[in-house]
Amino acid sequence: MCGDEMQVQYFLFATLVGHVGLAIFVTAHAHLTGEERGNWPVITLFLGIAGVAGYFFYEPDGNI
């Protein structure tokens with residue numbers, strides 16, 4: 001039992017670190033390129049790689 005709980009904790013910690021890292025990446029990229037970051041860092045913090053994809057591919061005027 002104790003081993004399984006530790007694996008879950010490591011997984012959750014790794015996921016948290018990954019999401020924070022991706023959110024920092026989105027923020028840094030927006031700053032360095034002069035793009036508007038909007039809410040993408042927060043979205044990335046919660047959704048991870050889906051937020052990064054949204055940041056790079058979302059077009060507010062509907063043109064893809």
Side-chain angles (χ1 to χ4, degrees):
M1 255 317 172
C2 187
D4 291 337
E5 292 172 6
M6 289 297 270
Q7 287 180 355
V8 170
Q9 288 176 345
Y10 287 136
F11 172 77
L12 293 176
F13 179 73
T15 301
L16 175 67
V17 169
H19 284 217
V20 169
L22 289 171
I24 291 170
F25 170 76
V26 167
T27 302
H29 182 272
H31 177 73
L32 293 173
T33 60
E35 292 186 29
E36 210 171 303
R37 65 183 174 102
N39 291 329
W40 290 112
V42 175
I43 294 168
T44 302
L45 188 61
F46 289 105
L47 299 179
I49 196 75
V52 174
Y55 168 73
F56 280 108
F57 297 114
Y58 177 73
E59 294 287 333
D61 60 356
N63 295 333
I64 296 178

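Model, not experiment: these values are computed from the prediction.
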Nearest non-hydrogen partners of [X] and [Y], listed with the distance:
X   : Y   : result
I49 : L22 : N-CD1, 3.8 Å
H19 : L47 : CE1-C, 3.8 Å
P41 : A23 : O-CB, 3.5 Å
E36 : Y55 : O-CE1, 4.2 Å

Establish whether [X] and [Y] are linked, either directly or via other cluster members, by ILVMFWY side-chain heavy-atom contacts under 4.5 Å.
X   : Y   : result
V42 : V20 : no
V8  : F11 : yes
V26 : F57 : yes
Y58 : I43 : yes
L16 : L45 : yes

ask   = Parallel under 30°, tilted from 30 to 60°, perpendicular over 60°: which one fits the rings of F56 and H29?
value = perpendicular
